[in-house]
Amino acid sequence: MATDIKMPQLGESVTEGTIAKWLKKPGDPVAKYEPICEVATDKVNAEVPSTIEGTMVEIIAEEGSTVEVGQLICRIEEAGAAPEKAADQPEAKTEEAETPPAAAEEAGETSMKARYSPAVLRLAQENNIDLSKVQGTGKGGRITRKDVLKAIETGAATAAAPTPERAERKAEAAPEPVSPVAKPTIAPVKPAPAAAGITLENGDTEVPVSSVRRTIAQRMVMSKHEAPHAWTMMEADVTGLVALRNRLKDEFKKREGVSLTFMPFFIKAVVDSLKEFPYLNSVWAEDKIILKKRINISIAVATDEALYVPVIHDADEKSILGLAKAVHQLAEKTRAGKLELKDMQGGTFTVNNTGSFGSIASTPIINHPQAAILSFEAIVKRPVVKDNMIAVRDMMNLCLSLDHRILDGLMAGRFLKRVKERLEAYGPDTQI
Amino acid sequence: MPVISYIDAVTQALMEEMKRDPRVFVLGEDVGVRGGVFRATVGLIEEFGEDRVLDTPLTESAIAGVAIGAAAYGMRPVAEMQFADFIMPAVNQIVSEAAKIRYRSNGTWSCPLVIRAPYGGGVHGALYHSQSVEKIFTGVPGLKIVMPSTPYDVKGLLKSAIRDEDPVLFFEHKRCYRLIKGEVPVEDYTVPIGKAEVKREGTDVTVISYGLTLHFALQAAEQLAKEGISVHVLDLRTLIPLDKEAVLEAVAKTGKVLIVHEDNLTGGFGGEVAAVIAEEAFFELDAPIKRLCGPDVPAMPYSPPLEKEFMLNPEKIAKAIRELAEF
């Protein structure tokens, strides 16, 4: 008896995964918990472990196909499950060898269903025909030009002009595979969500939306849609911190092997302030507000393609050195595409170092379902009044977006002020 | 309208054009007293004398060269290559001289020359008497290449070729000579060079062909009509200049194209037709463009079973059409 292996739940918000690579092929022995395939989900790549020991029998979901959680991806014959069968395996094999033609023929009936010829695509587009509703009479269920012409004539399968809303719903429905075999990712599920008045002109380039990009888009929309964002900004004089870092950084690098950036100081200031203001470290849960005990800091790490927010868990238990190493590791993992699910989960507050690319003010979008997000902007030398004199100081803006359902300006302002004070408290000789 | 054979249409056209225009004369091996090995020039020497019907030495380079010189001088020569296979020694004259005279002289000179040549297999002619040679010339700008399939087109196109101001290669399928008969008007008419013709209307598969295989395609279409497959058949009639418009129109009828010719597949003219379709009718296509051609083997076999295997026939074409129809 072959055991069905299904797409596992790879994280709470993950609904589908793309089979990136099969590590086992039919006939390969598989040990329990041994990885059988690599799956790329919305945000991370993960390996699917085998649930049993045995032999890979059949791969159902091909590489590149996107499969819903819980869908069959392969079958594994359990070790020792059928010793009798093993004895007459040769016979079974010959039988198998004989059957494929019939099976192939049967499977072939719809194998060409989604292979559209240029003529078919053109006619369908010109006449607004929904090809998924057209019955194919060609080889392998292929929809022929004649089939489309017939559909045009009879008026069947006309697709209603997709409204943006419809397109959205369609996108959501997309992960649902039509057959046990997962749909290939390239399947034209959403032929033209560009319907919302977007027209292509000569020279325009269409870039397909990657699953990461789509997730970012969905999360951003969700956050902006659900959480009423309020925004506030404070200015911090970090002259002392800059001097401290300048004094320590070379030796730090030599001793610890990682660069001493400002990020650990920012995180430390945030973490300590969160302890004073637990509402900043909370989640809105409709009829209640959940104050999180653990302080897990999400840090924004950008790559060329996407923005990731891996998490430093229990950041309040870490020193400046511990934070520096944690930041370094997560950044490395992100850039190498090696983030694991656990690196992505459980964040309670987000710190964003927008200053790293020169920004001096930003209005960040809250990392749903957290209560707030804090951006540290660029440190710039500016003339400021200090002790009634003009002085050149290292100045930095702190930009806080907050979920106004949970927080009001007063508490957020007090929190921000404490972060500011902590950063300003650093002097050239502070011990870290 | 009288029904005549394909070769009679050749003879009639020559006879009528020689009567019409005293500059027209024929030359070739055995075209005079013998009346041609296929009897295409029969009766001409009696009618016009040996000054206008020249029996030449067995030297194709000379036949072509003399004809080119005469054409340049203002005559209207119709040279015959006894078999298209024998055209090889004349290729230099045809390609380097005839095709280029107009260009080389900046339009001052032209070369109103016709070279007739019987081509093709199916007559137990084996290696030296069965070749299709059109692909050697289709890539040479400056030449017109006419390959009719019916007596009506033979007569009308040969007249057009003789009246044309530029060199025309006029390839006659020798199997058609006495096999294909058709109605031909008594009165003078011409068929324009560079115009294809729809020989049968259909909606499932478009077949593009010329020469003998065109008739096989029509027979296959007739057979398939009984099976409910409707075949559209286009006769190219002229390869160069290619009637692109007609090709694209025929493609648009069905979106499925089968190109058939006896010349072998690789480098054959079907590849050019397929390329034109792919470039200019991509969004009409409902199936890959298919070619059914002679095999890529060095020569026509002498052995009858092997010759049969080499040659196309209505059954082979019907099978290819059926596959496309089912796609």
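Here is the naming used below: chain letters follow the sequence lines, and residue numbers restart at 1 for every chain.
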So with a 6.0 Å cut-off around OH of B:Y189, is the heavy-atom count from everything else above 12?
yes
Distance col, row A:R145:CZ vs B:K253:NZ, nearest 0.5 angstrom, shows 10.0 Å
Rounded to the nearest 0.5 Å, the CZ atom of B:F283 sits from the CG atom of A:L121 at a distance of 8.5 Å
Turns out that what part of B:A252 lies under 4.5 Å from chain A's heavy atoms comes down to backbone
Of A:T144, A:V120, A:I143, the largest count of non-hydrogen pairs under 4.5 angstrom with chain B goes to A:T144
Q. Does A:E58 CD have over 12 foreign heavy atoms under 6.0 Å away?
A. yes
Flag if over 12 foreign heavy atoms under 6.0 Å of NZ, B:K135 | yes
(Q) With a 4.0 Å cut-off on N to O distance, would you call B:E284 and A:R122 a salt bridge? (A) yes
With a cut-off of 6.0 Å (strictly less than), are more than 12 heavy atoms of other residues, nucleotides or ligands near CD of A:Q135?
no
Taking everything shown except B:E309 itself, do over 12 heavy atoms lie less than 6.0 Å from its CD? no
Output for pair (B:F327 CZ, A:R115 CZ), nearest 0.5 Å, gives 8.5 Å
Check your understanding: Is the number of heavy atoms from other residues, nucleotides or ligands within 6.0 Å of NZ (A:K150) greater than 12?
Key -> no
Practice task
Could you tell me whether B:K195 atom NZ has more than 12 heavy atoms of other residues or ligands within 6.0 Å of it?
Solution key: no
Okay, A:L123 and chain B: the region with an atom under 4.5 Å from a heavy atom over there is neither
**Message:** Determine whether a donor-acceptor pair (N or O, by modelled atom type, separation under 3.5 Å) exists between the side chain of B:D286 and the backbone of A:A119.
**Reply:** no
Would A:K146 and B:D204 pass as an ion pair if we require N to O under 4.0 Å? yes
For A:S117 and B:A287 the tightest heavy-atom approach is CB-N, 4.4 Å
